[in-house]
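In each ligand, atom 1 is the first atom listed, and ligand 1 is the first ligand listed.
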Amino acid sequence: MIRSSIALLLLAGGTVIGPVGGFDLVVLGGRVMDPETGLDAVRNVGIQNGRIVAVTADSIYGRELLEAQGFVVSPGFIDLHSHGQDPANYELKAADGCTTALELEVGTADVDAWYAAREGKSLINFGTSVGHIPVRMAVMGDPPGFLPPTDSKANTVPATEAQVEEITKRLRDGLRRGAVAVGFGIQYTGAASRWEILEAFRAASEFGAACCVHMRYNGRKEPNSSTAALEEVLAAAAVTGAPLHVAHLHSTSIGATPRHLRMISEAKARGLDVTAECYPYQAGMTKLNSGVFDGNWREALEVDYKDILWPATGERLTAETFEKYRTSDDYAIIFSIPEAAVDAAMASPLVLIGSDGIWDPAKKQGHPRCAGTYARILGRYVRERHVLSLMEALRKMSLGPAQRLERQAPMFRAKGRVQVGADADLAVFDPAVVIDRSTYDEPTKPSEGFRWVLVNGVPVVRDGKVTSKELPGRPARGPVRD
Ligand SMILES: [Zn+2]
């Protein structure tokens, strides 16, 4: 719960009439849903200077009125796993109800430069982890890039003791500069030893920062199974005390997802701080020229060449075309996740939502999860299939992500809530209509059903349309310690 430091209300006969001149903006008569307090009732929301200053059944007025009768008013969604961090991606995210996009899995090696590049230029709030992948690439001497290619030093060369020390020093530096977590993609840095990963968890633990991890192996095939991979990071969390957040559990664990949910729940019952994450699709996406396709990936992922879609041409791959494209820098979409794995993850209270989305405007390649994750959960998993309740979905998409990060980044205590004192990041949507429109063929079709989306009190979606007249996004960042 949060407390307001703002006391602007004038009380007249028990009716809240707002500050002199009215609130900056008022959301009138919507069904306000707050996952922390459980409030689910028709309320008016008053907003002043980017913050929520009234949530009330009384009449209030403001200089701008948004009529929200029949709509749900929920906290704006906080995407824990958003690789797309540019204006084109932020527009798609806004149209999907997302008010904060966080790059926590890959992250950055230069936290100051990452925030500086977006400050004052962003439609929605933005934040990053300091990433073990880019830090390892820099320390091992690879050229910078989004993911290390399969033949990179980051993926193939074990670090010396001095290099491990340098990697962990840079992770600590990143946390001191306000990174909100530490990111890992162990499958992309296959040469990183268990000891190196443990040292990186130690660095995160000193700050109470969550380790957001794409695990080392996929699937059920031993000895390099995703169960061994989950044991590695659960052990690292137990040994070091660092909070653990398992990225896209379902796309790594595939058929073992229900077993891994049980392992995480048991670890939690023994006092470990563990969460996981999923997106509502049966296909993943990554670079074909990456560690995901090292070794016997067909056996691990329980797929064949034909299960890979190649967005550059629209074709499905064969053994021949796989070899032909393996060294290209393009994305591959892999249909590898059973529906039961998605449903099990979606229904579990341990699992939060992260889209893992990116739309690459230069390549014109992407996965529909970038534009459609949140509307898809609300439309298909909540409304049509009843896999989870509306309030539980909102918790997984807003409050849960905020709570995951507030130890390292206390500013998240004011996000993910519709409460007095919270940041006015809100999603106002029609629960009877909201739906994703993006597809594998057309990944940038915006979601429908969001009437207004507010970022720090400024509408970035108005009457169902994204408007980029103002750029109210602010850094979502931990405290900077020198
Ligand atoms: Zn990943």
Can the ring centres of [X] and [Y] be said to be less than 6.0 Å apart?
{"X": "Tyr305", "Y": "Trp297", "value": "yes"}
{"X": "Tyr188", "Y": "His214", "value": "yes"}
{"X": "His81", "Y": "Tyr279", "value": "no"}
{"X": "Phe184", "Y": "Phe201", "value": "yes"}

ask   = With sequence neighbours excluded, what pairs up with Asn218 under the side-chain hydrogen bond (donor to acceptor under 3.5 Å, both in side chains) test?
value =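 side-chain hydrogen bond (donor to acceptor under 3.5 Å, both in side chains) list for Asn218, sorted by chain: Gln187.
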task = Classify the ring geometry between Tyr440 and Tyr281 as parallel (under 30°), tilted (30 to 60°) or perpendicular (over 60°).
result =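 Perpendicular, since the angle between the ring planes exceeds 60°.
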inquiry  = Closer than 2.8 Å to the Zn ion (ligand 1), what protein N/O/S atoms do you find?
reply    =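 Per the 2.8 Å query on the Zn ion (ligand 1), atoms found are Glu105 OE2, His214 ND1, His248 NE2.
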